[in-house]
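Not measured: the values here are computed from a predicted model.
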Amino acid sequence: MRFKEFRDLIIKNFLQISPTVTATDLFHLKNQKHRKQPNEAPDDKHYQEPIPVPENFKRSKYFKNCKQCTKNKTRKQTQLQCKECTVPLCAGKCFESWHKE
């Protein structure tokens with residue numbers, strides 16, 4: 001028995017995995033568990049999209065100040081905006097609180 005085979009056998013025994021399982025089997029099993037389900041767009045058409053980059057802009061992403069953070073007297077830049085409102089908002093809490101008001 002080669003050292004690598006011996007090491008793999010010890011690791012599989014320690015993790016309580018069958019000795020016949022290969023690394024590719026474990027990889028496919030892991031990816032099946034953590035695969036995300038496709039997200040559907042909300043019914044109200046308010047969801048985030050990247051802010052379009054202006055013409056002749058040298059960078060690949062464009063940032064603007066978040067409106068909700070500005071309202072709370074803090075300055076934070078974001079690259080996302082609401083598709084329906086075209087208001088620049090941070091992901092998560094800012095986006096939710098802006099649309100609740």
For the residue pair [X] and [Y], establish whether any side-chain heavy-atom pair is separated by less than 4.5 Å.
| X | Y | answer |
| --- | --- | --- |
| T70 | R75 | no |
| C66 | P88 | no |
| C82 | Q48 | no |
| Y62 | P52 | no |
| I51 | F63 | no |
| K64 | Q77 | no |
| L89 | K67 | yes |
| P50 | K61 | no |

Notebook entry, point to check: Among the clusters formed by ILVMFWY side chains lying less than 4.5 Å apart, do F3 and I11 turn up in the same one?
Noted result: no
Notebook entry, point to check: Regarding Q81 and E49, is there a side-chain donor-to-acceptor distance under 3.5 Å anywhere?
Noted result: yes
Next item on the list: Would you name the heavy atoms of V53 and S60 that are closest together and state the gap between them?
Entry: CG2-O, 3.3 Å
Next item on the list: Considering non-hydrogen atoms only, spot the tightest contact between C94 and Q68 and give its length.
Entry: CB-CB, 3.8 Å
How long is the gap from [atom1] on [X] to [atom2] on [Y], to the nearest 0.5 Å?
| X | Y | atom1 | atom2 | result |
| --- | --- | --- | --- | --- |
| R7 | M1 | CZ | CE | 13.0 Å |
| F14 | L9 | CZ | CG | 14.0 Å |
| Q79 | R59 | CD | CZ | 12.0 Å |

Check: Taking E96 for the side chain and K93 for the main chain, is one N or O donor matched with an acceptor at less than 3.5 Å?
Finding: no
Checklist line | Heavy-atom donor-acceptor pair, K76 side chain to N65 backbone, under 3.5 Å | finding: no
Notebook entry, point to check: Got a salt bridge between D8 and K4, using NZ or NE/NH1/NH2 to carboxylate O under 4.0 Å?
Noted result: yes
Notebook entry, point to check: Got a sec: does the CZ of F57 have more than 12 other heavy atoms crowding it under 6.0 Å?
Noted result: yes
